[in-house]
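One structure is given here, and the rest of the page talks about it.
These numbers come from a predicted model, not from an experiment.
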Amino acid sequence: MASLDMAPSADGLRAVIRKLGHASEEVRVRALCSILFKLDNSLASPPHLWEADEEIFALLLEWFNFPTPPRAPDVLALLLRLVLHGPEAGW
C-alpha cells in the first residue's frame, strides 16, 4: 500500500502563486484565498511557498500596485508570515 504524501506539489503551488500577479482581480483574490486556505488547514507551510516560488514575496508586494487592492489586511498578514518563516529566518 502506497503512503500518501500530504506535502503540496511545488508545481501546483507555483501555479497558484503566479496567479497572485494576474491582471484580473478575481483571479488574484481566488489565488490568495487558495493559499490562505492551504496555510490555515496545514496543507502547506510558509517554507513550502518559498520553495515553490521565491517570487511570492514580490508578487504579494505588487498586490498594492493595483488601484484598489482587495483584502489588503490578509496580504499584509501573509507577508508577515512569510518574513517570520522565510529562508532568512532559518525555518
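Both Val83 and Leu60 belong to a common hydrophobic cluster when Ile, Leu, Val, Met, Phe, Trp and Tyr are linked at side-chain heavy-atom distances under 4.5 angstrom.
A salt bridge is absent between Asp74 and Arg28: the closest approach of a Lys/Arg side-chain nitrogen to an acidic carboxylate oxygen does not fall below 4.0 angstrom.
From Trp50, atom CH2 reaches atom CD1 of Ile17 across 10.0 Å, with rounding to the nearest 0.5 Å. Atom CG in Leu84 sits 11.0 Å away from atom CG in Leu79 (nearest 0.5 Å). To the nearest 0.5 Å, atom SG of residue Cys33 and atom CZ of residue Arg71 are 4.0 Å apart. Annotation: the span from Leu36 atom CG to Arg81 atom CZ amounts to 7.5 Å, rounded to 0.5 Å. Taken from CZ in Arg30 to CZ in Phe37, the straight-line distance is 15.5 Å, to the nearest 0.5 Å. In this structure, Ile56 CD1 and Glu51 CD are separated by 12.0 Å, a value rounded to the nearest 0.5 Å.
Side chains of Val27 and Leu20 form no contact here, defined as non-hydrogen atoms less than 4.5 Å apart. Lys19 is not listed as a side-chain neighbour of Leu59, based on a closest heavy-atom distance of 4.5 Å or more. When side chains are defined from C-beta on, Pro69 does not count as touching Val75, because their heavy atoms never get closer than 4.5 Å. Looking at Leu76 and Phe64, their side chains come closer than 4.5 Å, going by heavy atoms from C-beta outward.
Taking every heavy atom of both residues into account, Leu13 and Ala52 meet most closely at CB-CB, 3.5 Å. In terms of heavy-atom proximity, Pro70 sits nearest to Val29 at CG-CG2, 3.5 Å.
In this structure, the side chain of His48 engages the main chain of Ser45 through a donor-acceptor pair within 3.5 Å. Checked by atom type and distance alone, the side chain of Asp53 pairs as donor or acceptor with a backbone atom of Glu55 at under 3.5 Å.
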